[in-house]
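The structure appears right after this line, and notes come after that.
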Amino acid sequence: MRNSLASILIVSFLISCATVFAFDANKDKTLIIFSADWCKYCQLAKKDMQNDTKLAEEIKKFSIIDIDFDVDKDIVDGYNIKSIPAFVVFENGKEIKRKIGYKNSNDLLKFLN
């Protein structure tokens, strides 16, 4: 029983990863955002991504994937995300950097550049 549960989790994780990397076909860079509806810093970051003109312009360079911290536990665990918001940048299918937490739009803009 334990092995079958582990197998299901592994398959689920691999399918999720394949879905994530399918978005890389559109752009060279992908930004995965791990967040939750109850997280005030997550919501602030998303609001700033829309309202801050410099940050909004930078975000357009990325394929964006929003992962719900509470729902998509297999992906969260697979990427070893323990705190949110978390931002993971992929370039040509490879993780190049990650950032945990959110201060302000300028800080996130520096991270994305």
Quick check: closest heavy atoms across Leu109 and Glu58, and the distance to 0.1 Å? CD1-CB, 3.6 Å

Check: Met49 and Ile33 side chains under 4.5 Å, non-hydrogen atoms: yes

Any link between Val88 and Ile100 through a network of hydrophobic side chains (Ile, Leu, Val, Met, Phe, Trp, Tyr) touching at under 4.5 Å? no

Measuring from atom CD1 of Ile81 to atom CZ of Phe87, what distance do you get when rounded to the nearest 0.5 angstrom? 10.5 Å

CZ (Phe69) and NZ (Lys82) are apart, to the nearest 0.5 Å, by 8.0 Å

I need the Asp70 CG to Phe34 CZ distance, nearest 0.5 Å. 13.0 Å

Between atom CG of Leu44 and atom OG of Ser35, what is the distance when rounded to the nearest 0.5 Å? 12.5 Å

Ile32 side, atom CD1; Asp72 side, atom CG - distance, nearest 0.5 Å: 11.0 Å

The criterion is side-chain hydrogen bond (donor to acceptor under 3.5 Å, both in side chains); which residues satisfy it with Ser105, sequence neighbours excluded? Asp52

Does some side-chain heavy atom of Tyr79 sit less than 4.5 Å from a side-chain heavy atom of Ile67? no

Between Lys29 and Leu112, is any pair of side-chain heavy atoms under 4.5 Å apart? no

Would you check, one step at a time, whether the test side chain to side chain contact (heavy atoms under 4.5 Å, CB included) holds for Lys46 with Asp66? CA-CA 10 Å; Lys46 289 179 181 182; Asp66 194 6; 2.5 Å; yes

Go through the steps to decide whether Lys54 and Glu57 satisfy the test salt bridge (Lys or Arg N to Asp or Glu O under 4.0 Å), and finish with yes or no. CA-CA 5 Å; Lys54 288 181 183 177; Glu57 196 60 36; over 6 Å; no

Provide the closest heavy-atom pair for Glu91 versus Ile96 in the form atom of the first, atom of the second, distance. OE1-CD1, 3.4 Å

Can you tell if the side chain of Trp38 reaches within under 4.5 Å of the side chain of Ile84, non-hydrogen atoms only? yes

Where the side chain of Gln43 meets the backbone of Ala36, is there a donor-acceptor pair that is under 3.5 Å apart? yes

Pairwise salt bridge (charged side-chain N to carboxylate O under 4.0 Å, His left out) hits with a residue in residues 99-111, at least two apart: Lys99-Asp107

Whether over 12 other heavy atoms sit under 6.0 Å from Lys97 NZ: yes

